[in-house]
Amino acid sequence: MGNQIVIIGTFILLLTGLLLGYVLAQLVLGYLSFNLLTFFGTFSLILIFGTLYYVLFWQLKRQQSTVVVREPFSQPISQSFHEELTENQDYLKNKLISRLSGDVAAADRLIEQARQNYPGMPENWYCERVLDDLDRDTR
């Protein structure tokens, strides 16, 4: 429905613009006499053109801001959530390894030390903690 409104509105806007341009050109060139009829005709064309322009772009803006409905998850939420956490944990661990110039053993040692010092925390927390400690120590 929204696309049809945009297409029809664009077509009417184009026709109105062409007609308005023709009428104004005839007035400027002197082929059309300026009287009350041409004044109201030109004024109505300007109003129609402006209104259509406003409504058309309002409709386009409204279409762009509509919420996109996602397709239902093909996998259970807990599984996708777990995968996202794993990806985040891998990202943090890779960031830690790169901060340690590729020393994987040192990264594992620091994470294990954080696990011993702060038991019961989520896995991501340990990587974040070690990264924050490294940042603090380098300052």
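Treat the numbers as computed from the prediction; the structure is a model and nothing was measured.
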Peer 1: Got a donor-acceptor contact below 3.5 angstrom from the Thr51 side chain to the Ile48 backbone?
Peer 2: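 Checked: no pair found.
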
Peer 1: Would Leu20 end up clustered with Phe40 when hydrophobic side chains under 4.5 Å apart are linked, directly or stepwise?
Peer 2: yes

Peer 1: Identify whether the distance between the nearest side-chain nitrogen and carboxylate oxygen of Asp132 and Arg129 falls below 4.0 Å.
Peer 2: no

Peer 1: Can Arg115 and Glu112 be counted as an ion pair, charged N to O under 4.0 angstrom?
Peer 2: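 Salt bridge between Arg115 and Glu112, a charged N being under 4.0 Å from a carboxylate O: yes.
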
Peer 1: Nearest 0.5 Å, please: how far is OH in Tyr126 from CD in Gln116?
Peer 2: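 Reported to 0.5 Å precision, the distance equals 10.0 Å.
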
Peer 1: Should side-chain heavy atoms under 4.5 Å link Ile, Leu, Val, Met, Phe, Trp and Tyr, which residues sit in the same cluster as Tyr31?
Peer 2: Leu29

Peer 1: Of all residues at least two apart in sequence or in a different chain, which pass the ring pair (Phe, Tyr, Trp, His ring centres under 6.0 Å) check with Tyr22?
Peer 2: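 Counting only residues at least two positions away or on another chain, Tyr22 forms no ring pair (Phe, Tyr, Trp, His ring centres under 6.0 Å).
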
Peer 1: Using every non-hydrogen atom in the two residues, find where Cys127 and Leu92 come nearest and quote the distance to one decimal.
Peer 2: CB-CB, 3.7 Å

Peer 1: To the nearest 0.5 angstrom, please state how far the CG atom of Leu24 sits from the CG atom of Leu45.
Peer 2: 8.0 Å

Peer 1: Can you hop from Ile97 to Ile111 via hydrophobic side chains spaced under 4.5 Å?
Peer 2: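 Ile97 does not cluster with Ile111.
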
Peer 1: Among Val104, Asp108, Leu131, which residue satisfies the side-chain contact (heavy atoms from CB on, under 4.5 Å) criterion with Leu96?
Peer 2: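 It is Leu131; the other options fail the test.
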
Peer 1: Atom CG of Leu47 and atom OG1 of Thr42: how far apart are they, to the nearest 0.5 Å?
Peer 2: 11.0 Å

Peer 1: Can you measure from CG (Leu36) to CZ (Phe43) and round to the nearest 0.5 angstrom?
Peer 2: 12.5 Å

Peer 1: Would you please name every residue forming a side chain to side chain contact (heavy atoms under 4.5 Å, CB included) with Leu110, sequence neighbours left out?
Peer 2: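 Leu110 satisfies side chain to side chain contact (heavy atoms under 4.5 Å, CB included) with Leu100, Gln113, Val130 only.
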
